[in-house]
Q: 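Quick one: the structure is below, questions incoming.
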Amino acid sequence: MNPNDVSNPALDAHYWESRYQQQDTPWDASAITEPLKTYIDNLVATEAAQHPDFFQMVILVPGAGSGYEAEYLHRLGFQNVWVVDMAQAPLQALQARVPSFEAKYLVECDFFKFEKENYFDLIIEQTFFCALNPTLRQDYVQKMASLLKPNGILAGLLFDFPLKKEGDPPYGGCKQEYETYFAPYFHIKKIEPCYNSIKPRAGKELFFILRKT
């Protein structure tokens with residue numbers, strides 16, 4: 001089967017659940033990675049004191065895997081952090097690790113079927129985009145735009161290496177390609193090489209911040 005064929009079941013819930021069950025998860029960094037930790041810490045430092053309801057903002061981490069970003073946000077005091085993943089195992093692992101994380105915010109479903117239109121203030125991207133079938137990239141961008149409130153932010157990391165068209169994810173991409181997808185729906189505040197990637201990803205990531213137009 002061609003992995004770029006959207007009918008290919010290779011990247012369905014069974015595929016991802018099997019990877020977790022077999023502990024075949026080389027993308028799992030075992031903690032929030034430094035670029036996203038720095039971004040979140042800076043956001044808290046610059047915004048929290050100015051906005052009394054700052055920690056009430058509604059945040060989504062899609063395709064979250066083990067959910068270290070959601071855990072970090074939760075432990076900082078953010079009260080409306082949602083996690084979506086089509087595999088059950090990582091959601092269960094997150095709840096076991098953080099019992100105070102309410103189950104209602106852990107959603108097991110296909111991201112493209114997650115219905116929360118104009119609902120989120122912030123969406124965090126971590127290895128999700130490049131794990132998707134590449135034919136779904138336009139759908140990803142449109143879905144992200146639909147989930148965010150007006151002026152909502154999509155921020156995080158994208159892989160910066162040539163797009164491959166065979167084999168397992170991640171599939172990679174480049175700044176020029178990403179800008180082509182995002183520009184019609186977002187104001188691009190930045191897409192730039194990541195200076196503080198974890199060692200295995202050094203020189204292979206772009207950090208980005210987009211605002212919904």
Q: Below 3.5 Å, can you tabulate the donor-acceptor pairs from side chains in residues 27-36 to any protein atom, sequence neighbours excluded?
A:
residue : atom : partner : partner atom : Å
Trp27   : NE1  : Tyr20   : OH           : 3.4
Asp28   : OD1  : Ser30   : N            : 2.8
Asp28   : OD1  : Tyr68   : OH           : 2.9
Asp28   : OD2  : Ser66   : OG           : 2.7
Asp28   : OD2  : Tyr68   : OH           : 3.4
Thr33   : OG1  : Gln126  : NE2          : 2.9
Glu34   : OE2  : Thr38   : OG1          : 3.1

Q: Do the two ring centres, one from Phe78 and one from Phe54, sit under 6.0 Å apart?
A: yes
Q: Return each pair, listed once, that meets ring-ring contact (aromatic ring centres under 6.0 Å, His included) where at least one residue sits in residues 28-53; pairs must be two or more places apart or across chains.
A: Tyr39-Phe207
Q: Measuring from Gln142:CD to Leu136:CG, what's the distance to the nearest 0.5 Å?
A: 11.0 Å
Q: Parallel, tilted or perpendicular: which fits the ring planes of Phe182 and Tyr140, with parallel below 30° and perpendicular above 60°?
A: perpendicular
Q: Could you label the plane-to-plane angle of the Phe111 and Phe128 rings as parallel, tilted or perpendicular, counting under 30° as parallel and over 60° as perpendicular?
A: perpendicular
Q: Side chains of Leu43 and Leu122: does their closest heavy-atom pair fall under 4.5 Å?
A: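 With C-beta onward as the side chain, the pair touches.
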Q: Under the criterion salt bridge (charged side-chain N to carboxylate O under 4.0 Å, His left out), I'd like the reasoning laid out for Asp41 against Lys37: C-alpha separation, chi angles, the key distance, then a yes or no.
A: CA-CA 6 Å; Asp41 289 348; Lys37 180 180 182 299; 2.9 Å; yes
Q: Show the nearest heavy-atom pair for residues Phe208 and Leu157, with the distance to one decimal.
A: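 Smallest interatomic distance, heavy atoms only, reads CE2-N, 3.6 Å.
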Q: Would you say the rings of Tyr178 and Phe129 are close, in the sense that their centroids are separated by under 6.0 Å?
A: yes
Q: Enter the distance from Asp110:CG to Asp85:CG here, rounded to the nearest 0.5 Å.
A: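 Output value for this atom pair is 10.5 Å.
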Q: Where is the tightest heavy-atom contact between Ser146 and Glu117, given as atom of each residue plus distance?
A: CB-OE1, 3.2 Å
Q: Should side-chain heavy atoms under 4.5 Å link Ile, Leu, Val, Met, Phe, Trp and Tyr, which residues sit in the same cluster as Tyr195?
A: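 Same cluster as Tyr195: nobody, lone residue.
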